[in-house]
Amino acid sequence: MFTNKHLQAFVLSSRDNNKYKVLNFSTFGFDERLMEGISASGYETATPVQEQVIPLVLEGRDIIASAQTGTGKTAAFLLPIISKLLANPSTSQTNMALVIVPTRELAVQIAQHVEGLSYFTSISSIAVYGGGDGQAFVQERKALSEGADIVICTPGKMLAHINMGYVKFTGLQYLVLDEADRMLDMGFYDDIMRIIEKLPQKRQNLLFSATMPHKIREMARKILHQPAEINISISKPNEKIIQQAFIVYDSQKIPLVKYLLKQKQFSLVLIFCSSKSSVKQLNRDLQKTGLLVDEIHSDLEQDKREDVLMKFKSGRLPILVATDILSRGIDIDNIDLVINYDVPHDGEDYVHRIGRTARAAAEGAAITLVNEKEQRKLMAIEKLLGKPVPKAVVPEQFGEVPEYNPSAFNRNRGNKNFKSSSLRNQANKPAGRNNR
Ligand code: AMP
């Protein structure tokens, strides 16, 4: 029986969890130009790692954070660094921030993030990694000797430049070690320490690592100064949940939900949407077809929320459309289908949403509908899960569907012409939003 005590627990836990969800980037007091970049990158609310890391970096603290790829950790360190660089621009020829990463792929990816987020600012950046041609080397040498705001590098190539004597670190203020555990696994410890010897003593240090073995803690002791420790651990989904994704066009989503709901008699179906407006729209559309369905989101009065939830829990309401308000903290045993009407913002939300099914001993299914723009988000989630979400065949009656090809859809609109070694080249930047 669902008691008042349960309800109270739900209301409290959903309030707690809302702490993460309502945190808008405006809370951090970022420069208007940076806010434009955030919005152009499609970010609406901060992820948990961003919520925790950004204020500490803005305060000037050193940080050791265990956070995996897919949690939004890149923006968690880039945003406050860009913000501080905008507030105190470099006055001399020096590299200001150094981000050391294990692979060229990661260097390029982070450089693209920098380019996207700082698109409306004059922040300069350069990616320095092995395997480039002579022209890339010349460009890197020029950038490193004139001083870039943000340098993203792999250790070996950076050391090669440093050894040639022209790299300017006199005013360097920020050092980021990303995927530190991987760098140590790849044998970069000595190279990293040699680079660090060349940096000014007084600087802010941020270390990110998916795991925290002893050797990382040892390295942290040598490099960091009284670091704040942050732990964003993501649990893996329950093995009993049968996960599937349908790759579709946006216009096919509502008909597909209707189709899925007719396939068999489910006990309870919970459908998640990322925005209140899509919850309302989908609920209206499903009600029109005669289905017994209702909605729950933060626009509703508390009494109404409790009433809807009670009906759902008791089985009188078999289908509920919800925002992420219901993705955590509620425990209803017999939800046998969760539908993600859209792809959640991050892996953690995905794990929480689909974790509403297959509770207790029951089995459950979790179906995610993915339009073209959401393919990259699904890819990030799959990275976090460490395996792909199986793709279901869309029934023929729905006609043609898109291919699953996430790398074809670049979400950073500002990056289209980005060259990873672009430097202080503001000539190509548009004057403002209207030019995009
Ligand atoms: P990362 O963990 O840094 O590799 O980020 C994983 C993915 O999440 C990347 O595609 C980012 O662009 C995206 N991302 C980062 N922060 C946010 C946010 N606040 N909202 C939505 N997406 C984000």
Side-chain angles (χ1 to χ4, degrees), residues 19-28 30 34-55 57 63 65-83 99 101-103 105-119 150 152 176-182 206-211 230-234 274-275 323-324 327 340 342-353 370-386 406-416 418:
K19 221 173 42 185
Y20 287 130
K21 293 293 116 203
V22 293
L23 201 69
N24 190 291
F25 285 99
S26 56
T27 326
F28 302 118
F30 289 148
L34 182 53
M35 289 300 284
E36 271 208 79
I38 292 170
S39 153
S41 299
Y43 304 171
E44 285 164 11
T45 49
T47 65
V49 71
Q50 291 162 1
E51 182 176 339
Q52 294 189 51
V53 167
I54 292 171
V57 180
I63 281 176
S66 73
Q68 291 144 305
T69 299
T71 53
K73 68 179 165 65
T74 312
F77 63 76
L78 286 180
L79 287 171
I81 289 178
I82 295 171
S83 171
V99 181
V101 301
T103 63
E105 288 75 22
L106 189 58
V108 170
Q109 192 180 304
I110 294 177
Q112 287 175 340
H113 268 77
V114 174
E115 193 83 355
L117 294 169
S118 65
Y119 197 71
I150 302 179
I152 305 112
V176 181
L177 299 176
D178 194 18
E179 303 209 349
D181 49 352
R182 233 171 123 199
L206 316 175
L207 183 151
F208 290 81
S209 190
T211 57
I230 288 161
N231 184 0
I232 303 288
S233 49
I234 306 250
S274 295
S275 71
T323 55
D324 279 297
S327 68
N340 289 317
D342 45 31
V343 181
H345 287 309
D346 56 56
E348 199 180 8
D349 279 344
Y350 178 83
V351 173
H352 283 291
R353 281 185 182 189
V370 188
N371 69 22
E372 292 156 284
K373 282 197 214 140
E374 293 168 324
Q375 292 196 8
R376 282 178 69 88
K377 278 204 232 170
L378 182 68
M379 186 178 70
I381 290 169
E382 291 179 322
K383 235 183 192 175
L384 189 84
L385 299 177
S407 35
F409 300 99
N410 193 344
R411 61 201 313 282
N412 287 325
R413 282 178 271 161
N415 285 339
K416 290 221 172 80
F418 175 66

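Read the numbers this way: they start at 1 and go in the same order the structure lists the ligands and their atoms.
Between the Glu179 side chain and the Pro102 main chain, no donor and acceptor come within less than 3.5 Å of each other. Between the Ser66 side chain and the Asn231 main chain, no donor and acceptor come within less than 3.5 Å of each other.
Screening Asp178, Ile63, Val49 for a side chain to side chain contact (heavy atoms under 4.5 Å, CB included) involving Phe77 leaves a single residue, Asp178.
Using a 4.0 Å cut-off between heavy atoms, Phe208 makes no contact with ligand 1 at all. Neither the backbone nor the side chain of Lys377 comes within 4.0 Å of ligand 1, counting heavy atoms alone. At a heavy-atom distance under 4.0 Å, only side-chain atoms of His113, from C-beta outward, approach ligand 1.
Distances between N or O atoms of Glu44 and those of ligand 1 include no value under 3.5 Å. Taking distance alone, with nitrogen or oxygen atoms compared against 3.5 Å, Gly72 approaches ligand 1 more closely than that limit.
Close contacts between ligand 1 and Thr74 involve ligand atoms 1 (P), 3 (O), 4 (O) [criterion: under 4.0 Å to a heavy atom]. Using a 4.0 Å cut-off to heavy atoms of Phe25, the atoms of ligand 1 that qualify are 19 (N).
For the residue pair Gly72 and Thr47, the shortest heavy atom distance occurs at CA-OG1, 4.1 Å. Across all their heavy atoms, Ala67 and Lys73 have their closest contact at O-CD, 3.6 Å. Across every non-hydrogen atom of Leu117 and Ser41, the tightest pair is CD2-OG, 3.6 Å. Summarising the geometry of Phe28 relative to Gln50, their closest heavy-atom pair is CZ-O, 4.2 Å, with the distance given to 0.1 Å.
Within the set Ile381, Leu384, Asp349, Thr45, the minimum heavy-atom distance to atom 19 (N) of ligand 1 is found for Thr45.
Heavy-atom separations between Arg376 and ligand 1 are all 4.0 Å or longer. Look at Val49 and you'll find every heavy atom at least 4.0 Å from all atoms of ligand 1.
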